[in-house]
Engineer: 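Here it is: the structure, laid out below.
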Amino acid sequence: MPFETDLAHALDRTTDSLDPDLTALLSGAVRRGRSRRRRRSAAVVAAVGGCAVIAAAALVVPGALAAICSAGSDIEPVALAMPRSAITGTQMIQALEMTLPGGRFSEVTGQSNDPSDPSGGYVANGELVVDDGHGAAFVGVSAMRLKLPLRDGDGLSCEQTPARAAGDTCTLSELPSSAAIPGGAVVMSEQNAAEHPARADTARRWTVTVTLKATGAQLQMVQWNSTGGGSGSDTPKPTRTAPPLSEQQAVAALTGATWAPILGAVA
């Protein structure tokens, strides 16, 4: 049976137990995975396509899907390194709430990592809906560690095949070495519409990924201008025009004192 059919069947069996936002993310991950090219190296830092997006979103990959992601297919498994120590979902939520002071929070969920479980426990996650007076918005942060040496992978390259849709953007920059980020960091900033062609009522996603060069520690912040993620018409309609944090604010937060203990625990 073709791989994509296997994966679709696995999703049918596993997503019934997930909430709608996670189900939409899983399904969207598979669709995005089908459109990305296979990387040249089998030892990519972060996987391409569905498995990569699932891991980056810090979802616990169900057993059937984990088996498919590890099988010999065009979607390669995520090459994550073992975190230095455990991070609890509560720690992730506390850091996220401190990053958004003054906001009212709802739909708060956190996921701990488990360094002893390479099948899905290498990623910690915190997510919530925040209302800062400008409209409710979904915000989530994932913490993981990439294997060294860093290569062309998620959070490290804006290359995409096919090309990004009109209006979607991706930029790469670097932060110099400092006391807060020894060895410096790579920053990837993306903006994507939930569906194309985008309309006035199409939700948008802003993603900022910070990867430390020396350790492979990576934090990824995802912000929507709606109350939940997803793709296509399943995504909630926009509640605001801009995300709670600008790109500069997101980078400053992820490399600042609030998230320093999380980066230290990851690597």
Engineer: Rounded to the nearest 0.5 Å, what's the gap from SG on C170 to CD on Q191? Could you check?
Structural biologist: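 C170 SG to Q191 CD: 11.5 Å, rounded to 0.5 Å.
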Engineer: Considering only heavy atoms from C-beta outward, does the side chain of F138 approach that of T227 to under 4.5 Å?
Structural biologist: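 Not touching, per the 4.5 Å side-chain cut-off.
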Engineer: Tell me, with the steps shown, if V251 and L175 meet side-chain contact (heavy atoms from CB on, under 4.5 Å).
Structural biologist: CA-CA 10 Å; V251 172; L175 299 177; 3.9 Å; yes
Engineer: Rounded at 0.5 Å granularity, tell me how far CG in N125 sits from CD1 in I93.
Structural biologist: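 One gets 7.5 Å once the value is rounded to the nearest 0.5 Å.
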Engineer: Is it true that M188 and V186 fall in one hydrophobic cluster, defined by side-chain heavy atoms closer than 4.5 Å?
Structural biologist: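 Result: yes, single cluster for both.
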Engineer: Hey, does the side chain of S226 reach the backbone of K237 with a donor-acceptor pair shorter than 3.5 angstrom?
Structural biologist: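 Checking the backbone N and O of K237 against the side chain of S226, no donor-acceptor pair under 3.5 Å is found.
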Engineer: Provide the full list of side chain to side chain donor-acceptor pair (under 3.5 Å) pairs with a residue in residues 82-96, sequence neighbours left out, each pair given once.
Structural biologist: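 Residue pairs with at least one partner in residues 82-96: T88-Q91.
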Engineer: How long is the straight-line distance from CD of E247 back to CH2 of W206, given to the nearest 0.5 Å?
Structural biologist: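 Here the rounded value is 12.5 Å.
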Engineer: For residues R164 and T169, determine if any side-chain heavy atom of one lies less than 4.5 Å from a side-chain heavy atom of the other.
Structural biologist: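 The answer is no, as the side chains (C-beta and beyond) never meet within the 4.5 Å cut-off.
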Engineer: Check the pair T235 / E195 against side-chain contact (heavy atoms from CB on, under 4.5 Å), numbers first and verdict last.
Structural biologist: CA-CA 9 Å; T235 309; E195 59 182 331; over 6 Å; no
Engineer: Find the distance between NE2 (H134) and OG1 (T241) and round it off to the nearest 0.5 Å.
Structural biologist: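 Between atom NE2 of H134 and atom OG1 of T241 there are 9.5 Å.
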Engineer: When rounded to the nearest 0.5 angstrom, what is the spacing between CD in Q220 and CD in E190?
Structural biologist: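 Result: 7.5 Å between the selected atoms.
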Engineer: May I ask you to test the E174-K213 pair for a side-chain heavy-atom distance under 4.5 Å?
Structural biologist: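 Yes, close enough: below the 4.5 Å cut-off.
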Engineer: Tell me, do R204 and P238 make a side-chain contact under 4.5 Å, heavy atoms counted?
Structural biologist: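 R204 does not reach P238 side chain to side chain.
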Engineer: Will you find, in the side chains of R205 and N192, an N or O donor that is under 3.5 Å from an N or O acceptor?
Structural biologist: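 A donor-acceptor contact under 3.5 Å links the two side chains.
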Engineer: Hey, is the main chain of A136 close enough, under 3.5 Å, to the side chain of T239 for a donor-acceptor pair?
Structural biologist: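 Yes; at least one donor-acceptor contact below 3.5 Å.
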Engineer: Provide the closest heavy-atom pair for P115 versus M82 in the form atom of the first, atom of the second, distance.
Structural biologist: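 Heavy-atom minimum between the residues: O-CE, 3.5 Å.
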Engineer: With the side chain counted from C-beta on, respond yes when L146 and L156 share a heavy-atom pair under 4.5 Å apart, and no when they do not.
Structural biologist: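 A side-chain contact exists here, since the closest heavy-atom pair is under 4.5 Å.
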Engineer: Please enumerate all residues that pass side-chain hydrogen bond (donor to acceptor under 3.5 Å, both in side chains) together with H196, with sequence neighbours excluded.
Structural biologist: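 H196 satisfies side-chain hydrogen bond (donor to acceptor under 3.5 Å, both in side chains) with D168 only.
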Engineer: Tell me, do L212 and V266 make a side-chain contact under 4.5 Å, heavy atoms counted?
Structural biologist: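 Counting from C-beta outward, L212 and V266 never come under 4.5 Å.
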Engineer: Can you see which heavy atom on L96 is nearest to which on W259, and at what distance?
Structural biologist: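 Minimum heavy-atom contact is N-CZ2, 3.6 Å.
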Engineer: Given side chains that start at C-beta, do those of D132 and R240 come closer than 4.5 Å, heavy atoms only?
Structural biologist: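 Yes, side chains in contact.
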Engineer: How many angstroms lie between atom CZ of R104 and atom CG of L128, to the nearest 0.5 angstrom?
Structural biologist: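 Spacing of CZ (R104) from CG (L128) equals 13.5 Å.
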Engineer: Can you see which heavy atom on L80 is nearest to which on V123, and at what distance?
Structural biologist: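 It is CD1-CG2, 3.6 Å.
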Engineer: Does some side-chain heavy atom of L100 sit less than 4.5 Å from a side-chain heavy atom of L245?
Structural biologist: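 With C-beta onward as the side chain, the pair touches.
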Engineer: So which atom in I87 and which in A143 form the shortest heavy-atom distance, rounded to 0.1 Å?
Structural biologist: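 Minimum heavy-atom contact is CD1-CB, 4.5 Å.
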